[in-house]
Structures are given as structure tokens and as C-alpha cells.
Amino acid sequence: MSLKSAPKAKSEPSQPETASRPIALLQWYDRHRRRLPWRAAPGEASDPYCVWLSEIMLQQTTVKAVGPYFEKFVARWPDVTALGSASLDDVLRMWAGLGYYSRARNLYACAVAVTREHGGSFPDTEESLRALPGIGPYTAAAIAAIAFDRHTMPVDGNIERVVSRLFAVEEELPQAKSLIQQLAATLLANSRAGDSAQALMDLGASICTPKKPACSLCPFSADCTARALGTQETFPRKAPKKSGTLRRGAAFVVTRGGELLVRSRPEKGLLGGMTEVPGSDWLAGQEDATAKGQAPAMKGLSRWQRKVGVVTHVFTHFPLELVVYTAKAEARTRAPEGMRWVPIATLSGEALPNVMRKVIAHALAPASGRSS
DNA sequence: GAAACGTGGAA
DNA sequence: TTTCCAAGTTT
């Protein structure tokens, strides 16, 4: 640790000691840091692979959701080279359920690039990291700071919140990003850049929360402009986001004994490359009849049974409502072009996004009602 | 710069 | 129930 000796505390007026913020932050961190599966123990060196893998998984995703996925990945692929030698399908299957599936493709592409172009070791500068797939400005800075102790401050949603409150930044996001970046950099200690960043993230996650921040426990409590104003919860400023129009569609669940008819979605776009049951387009204002018209044309099929109720799912940019039709296929019925049969028993290992798991659960459940 | 891109949990 | 959001990146 390179903490300076405590500032002479004598009869200083209680003016914030700006220069000591990074020190106060690290002191708080040393007492209150979270234990996380991907985090090195105090004094231990970080594993760049673990740092990278966790950072990718944590993009727009909660610590709680990431935990099991991180453990699964590390157990199966202990290092970048192992991951780079896997198949994309295996990676997508392991990622299924975590969301934002382009991350899984980029994760794999990045592992391949590190393996083949960097000899299996992550590059250690922000710029070279930034050039890798799936690594943007935040993640490049985070890896550089946490794994390689580079003097840089990554700015994520937590840090935006802490900093915008500490300095009462009135400008709205995302326009305020540049200003917040500059202000956040003033909180970097001369050494321990990675700890400075993680300290700010922990502070944002556990103390300086979006709602009801625990200001009394904050190392910056006496120093925080928003807190002094009593306006903590109003930061960061941002424009309200719009919800998106409801889209409707139909899903077709065809079984052949203990097997289910599935196909893969196009590699680009929503749920790219993931497995799905055949279905109609998902369109705003679409009628059920229109959607049903897009059922797969197959011989040897029973009548379509419309399941009572609908499956609803909410994506980031639109809500979706799916009606579900089921049908049974005779033994040895061929799967239509581009589709395949998979055993229902092995569905848990498929690259099925959660919306499709809902559809299948709804279709296979005894007649009842809705599903959410 | 705006829009696309998943999911589940908390208030 | 509804709204907001969680360690952002890509196009």
C-alpha cells in the first residue's frame, strides 16, 4: 500500500481535502471491498483472463447473474487459449440465458485473436485492448487498470453515478460522459489504479446506490456536493427512455416423440445465432391469423393446437407477445430445410435464449393459462 | 449520435 | 403493475 500518512488533522477547517480523495477511497476499499469470484485476493496479482471474462459478462448484467456463468466458464475453459480452441457453438450454449448474445460471439472472437495474434497473452495497453472484439472504451480501461495496473480510470454506470453526485454534474448523460471521465480521473491514486476503479464501483454498488444511497457510510459524505444539496437521488441526470411498441408473433412447437423441431437464428441481429423453435415474424400490430400463416409446411403433421394464453417477454427495446401452436409429427418425419430435431431431454444444453425456454415450457405444460 | 441488443430483480 | 436498471459495445 502506498497510503500517505494521515493529513494533519489539527484545526483544519472542514473544507474537503480534494487531494486526499483517492486516499480516502482506497482506505474505504481496504475495509469494505466485496469478495467476488473473479477478484484477486488483496496483494495478489490479477489474472487478465479472469478480469477480461468477468468484465465482458458484467456488461449491463448484474453481479448475481454473472456468478454462476463465470464459474462454469472458468471450470470448462481455464485460460484464453482453451477458450480460443473451443467451438463457437459450445460458447453460445454456455452463454445461453445471460443475454446480449453478441457478447458471446465477440468473446470467442477475442479469445481466438489473443491466442493467435498475441501468443495467448492479453495485450497490456488500453489501446491494444481496445482493438479486440467486444472490448470498448470502458472494458479496455478496466482491464488495463485492474489486470495491468495502468494509470487509467474506467467509467461504468456505477462510477458515473458516484462522480455525478460527488460533483453535482448537471449535464445530462450521455453528453456528460467526457466531463465525468475527467472528474473520475481525479480520484485515481498515484498507484493502485485498479483498486481505485474497483473501489469506486464497489462504492456505487453498495453505498452510492441509484435509490436510497447510504450516504452516512460513504467516505465522501462530507465532501459530496449533491449530498450537501440533498439532491443525491437526482443524479446522474438523464433523459427518460422510451419503451418501445408491442410486437406480436407466433411460435410453432412441433414434437416427434421425445424430440423437438428447432432451427438456428441468423448470426446477426436479435438473439443472433441462438436456437429457436420455428416462428413467424415479430411485428407491431400483427394479427394472429397472419402469424399462424407462417407455420412450417410439413407432411405427416397433426392438426395445429393453439395453446391457451400467450407468452410474453420484454426485450430492451420492445415487449413481445407470442401465441403458441403445437403439433405432433409422425415418427421419422423429416425436418424441413434448415431445421433439425433435438431430444427434449437435452434442451438444457442447447443455445436457447430464455424467451424460447418460456415458449417451450408453455407449449409442453398441461393446458392452463398464460406464461410470463 | 441514436438505435439495437436480453434478462431478471428490486422498489 | 410498472418502471428502472446492471462493470457497455457495435453499427
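Sequence lines set the chain letters: A, B, ... in the order given, protein chains first and strands last, and positions in each chain run from 1.
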Heavy atoms of other groups near A:Arg116 CZ, more than 12 under 6.0 Å: no
Closest to the A:Lys268 side chain, choosing from C:dG8, C:dT11, B:dT7: C:dT11
Distance below 4.0 Å between A:Gln59 side-chain N/O and C:dG8 OP1 or OP2: no
Heavy-atom neighbours of A:Glu267 CD exceed 12 at 6.0 Å: no
Euclidean distance, atom CZ of residue A:Arg103 to atom P of B:dA4 [Å, nearest integer]: 19 Å
Residue mapping more 5' on DNA chain C - nearest nucleotide basis, A:Ser54 or A:Gly134: A:Ser54
Nearest heavy atoms of A:Pro154 and A:Ala145, plus distance in Å: CD-CB, 4.3 Å
Among B:dT7, C:dG8, C:dT9, the one nearest A:Asp156 by side-chain distance: C:dG8
Any A:His313 side-chain N or O less than 4.0 Å from OP1/OP2 of B:dT7: yes
Candidates C:dC5, B:dT7, C:dA6 - which lies nearest the side chain of A:Arg161: C:dA6
Side-chain N or O of A:Thr62 closer than 4.0 Å to phosphate OP1/OP2 of B:dT7: no
Nucleotide nearest A:Arg130 when distance is taken to its side chain, options C:dC5, B:dC5, C:dT10: C:dT10
Euclidean distance for C1', C:dA6 against B:dC5 (whole angstrom): 14 Å
A:Tyr100 side-chain N/O to B:dA4 phosphate OP1/OP2 under 4.0 Å: no
With A:Trp38, the side chain to side chain contact (heavy atoms under 4.5 Å, CB included) member among A:Val51, A:Val63, A:Val74, A:Leu53: A:Val63
Parallel, tilted or perpendicular, as decided by the 30° and 60° cut-offs, for the rings of A:Phe315 and A:His313: perpendicular
5'-most by nearest nucleotide on DNA chain B - A:Lys211 or A:Pro174: A:Pro174
Cation-pi geometry met for A:Arg103 and A:Trp52 (6.0 Å, 45°): no
Side-chain donor/acceptor contact of A:Thr61 with base of C:dG8 under 3.5 Å: no
Minimum-distance nucleotide to A:Asn354 side chain [options: B:dC5, B:dT7, C:dC5]: B:dT7
Nearest-neighbour nucleotide for the A:Lys238 side chain, C:dG8, C:dC5, B:dT7 considered: C:dC5
Phosphate OP1/OP2 of B:dA4: any A:His317 side-chain N/O under 4.0 Å: no
Stems formed with participation of DNA chain B [Watson-Crick or G-U wobble, under 3.5 Å, three or more pairs]: B:2-5 with C:8-11, B:7-11 with C:2-6
Polar pair under 3.5 Å, donor/acceptor by atom type, side chain A:Tyr138, base C:dG8: no
Whether over 12 other heavy atoms sit under 6.0 Å from A:Arg76 CZ: yes
Nucleotide of B:dG6, C:dG8, C:dA6 approaching A:Leu270 most closely (side-chain heavy atoms): B:dG6
Selected nucleotide, minimal atom distance to A:Lys64 side chain, candidates C:dA6, B:dG9, C:dT9: B:dG9
Flag for A:Tyr100-A:Thr316: side-chain donor and acceptor within less than 3.5 Å: yes
Whole-Å P distance, B:dG8 and C:dT9: 23 Å
